[in-house]
Q: 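The structure is given below, and queries will be raised subsequently.
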Protein chains: 2
Amino acid sequence: MRASGRYPATVPGPVDHRRDRVLELLRQEGGRVTTARRAVLSVLLDEGRRHVSAEEIAEAVHDRHPDVHLSTVYRTLEAFESIGVVTHVHLGHGRAIYHLTDELHHHAACESCGQVLQLPDSIFTDVQATLQEMYGFEVDAHHFALVGRCEACAVG
Amino acid sequence: MRASGRYPATVPGPVDHRRDRVLELLRQEGGRVTTARRAVLSVLLDEGRRHVSAEEIAEAVHDRHPDVHLSTVYRTLEAFESIGVVTHVHLGHGRAIYHLTDELHHHAACESCGQVLQLPDSIFTDVQATLQEMYGFEVDAHHFALVGRCEACAVG
DNA sequence: TTAGCTGCAAAAGGTTTGCAAATTA
DNA sequence: TAATTTGCAAACCTTTTGCAGCTAA
């Protein structure tokens, strides 16, 4: 299925298991496994690309499947979100970014250079508890990113 | 400048001082004070409307100045932001909300009913300190809202 | 077979921009 | 007068949607 050379051989192990788990869940929920969906999932599973906009996903998919339309990417992401395996986060103006759900973490986006810092889940624990106690408000903090300036940009 | 009757007389005191301060600052920075800008400022100063989208501001302005265009409202808000008296916050999908800067507070928006909770500034103190220490990241948390479900909506 | 996807084109929703005319200082 | 603002229309960008054809199960 893949030409030799340019791409490393598929690494057996957790990544593949994960792909299979997602696809199986999708099928269980009445969804269908298609080329486009497999391709989007591959991009999301790609270690190097864990925080990507829909457009970036589409571009990556186009390397191998130039015919997959951006709207299909959006619909695929929606399907993945509806079965709980994908989440999106708003970084501010413009695009949202998507990532697989099971890596629970928060985000801090640099307004200046766009870098997205991944933060441990624990960082919001206190805030979450405080809001729950004082206001009965249930924070879904994974949906949003903190905004500010990263170390490098803060200096200037 | 104002017809009698329908509108209460201008309340003397802090509100007016504040309006004057903003307009003076605007002039100091080389900006001009116009009807549209005065009107937008009035909406922002209005106690009852401290968190409003650009469109809502435009609607309110239209009560008295039907000719002020939405794009002028955006440009006015931009001008106010550039002199530091206005901030906007993204609540999630869609519109941003604008408010005067000197009331430093955070926001928690209910995904379900849209209600915006105002939180004391202190709520993020620890998170801010942690990020600064561990990552050198300077949080500008006022720019974003926490998202989740308010007490009423969380029940269902 | 048939419910569920897909590509395409077009719309939607919020925000920004170019421009000539109007206004402020 | 000179520099800023304004209204308008049109563009922009991201995301969503309608539809007819295609495909997975």
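Proteins come first, then strands; the chains are lettered A, B, ... in the order of their sequence lines, and each starts at number 1.
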Q: Considering only dT5(D), dA25(D), dT15(C), which nucleotide approaches the side chain of Ala96(B) most closely?
A: dT15(C)

Q: The side chain of Ala54(B) is closest to which nucleotide in this list: dT16(C), dT6(C), dT15(C)?
A: dT15(C)

Q: Which part of the nucleic acid does Arg37(A) contact within heavy-atom distance under 4.0 Å: base, sugar-phosphate only, or nothing?
A: sugar-phosphate

Q: Please give, in whole Å, the distance from dC12(D) C1' to Tyr74(B) OH?
A: 13 Å

Q: If you only use heavy atoms from C-beta on, which nucleotide in dT16(D), dT6(C), dA9(D) is closest to the side chain of Thr72(A)?
A: dT6(C)

Q: If you pin Ser71(B) and Gly30(B) to their nearest nucleotides in DNA chain D, which one's is more 5'?
A: Gly30(B)

Q: Using a heavy-atom cut-off of under 4.0 Å over every strand shown, decide if Ser53(B) touches base, sugar-phosphate, or nothing.
A: nothing

Q: Output the rounded distance in Å from CG (Leu77(B)) to P (dT5(D)).
A: 14 Å

Q: Which whole-number value in Å describes the distance from Glu29(A) CD to dC5(C) P?
A: 12 Å

Q: State whether a side-chain donor-acceptor pair under 3.5 Å links His51(A) with His107(A).
A: yes

Q: Rounded to whole Å, please give me the gap between NE2 in His69(A) and C1' in dT15(D).
A: 12 Å

Q: Hey, does Ala36(B) reach any base, or is it just sugar-phosphate, or nothing, if we go heavy atoms under 4.0 Å?
A: sugar-phosphate

Q: Where the side chain of Arg27(A) is concerned, which of dC8(C), dA25(D), dT4(D) is the nearest nucleotide?
A: dA25(D)

Q: Separation of His88(A) atom NE2 from dT14(D) atom C1', in whole Å?
A: 12 Å

Q: With a 4.0 Å cut-off on heavy atoms, is Arg75(A) in touch with a base, just the backbone sugar-phosphate, or nothing at all?
A: base

Q: Closest to the Arg95(B) side chain: dT15(C), dG18(D), dG14(C)?
A: dG14(C)

Q: Mind calculating the distance between CG (Leu70(B)) and C1' (dC12(D)) to the nearest angstrom?
A: 15 Å

Q: Write down the distance between CD (Glu78(A)) and P (dT14(D)), rounded to a whole number of angstrom.
A: 19 Å

Q: Measure from the side chain of Thr76(B), starting at C-beta and using heavy atoms only, and say which of dT6(C), dA25(D), dT6(D) lies closest.
A: dT6(D)

Q: How many whole angstroms separate atom CZ of Arg38(A) from atom P of dT23(D)?
A: 14 Å

Q: Quick one, Leu77(B) with Leu44(B), criterion side-chain contact (heavy atoms from CB on, under 4.5 Å). Give me CA distance, side-chain angles, the key distance, then yes/no.
A: CA-CA 10 Å; Leu77(B) 291 167; Leu44(B) 293 171; 4.1 Å; yes

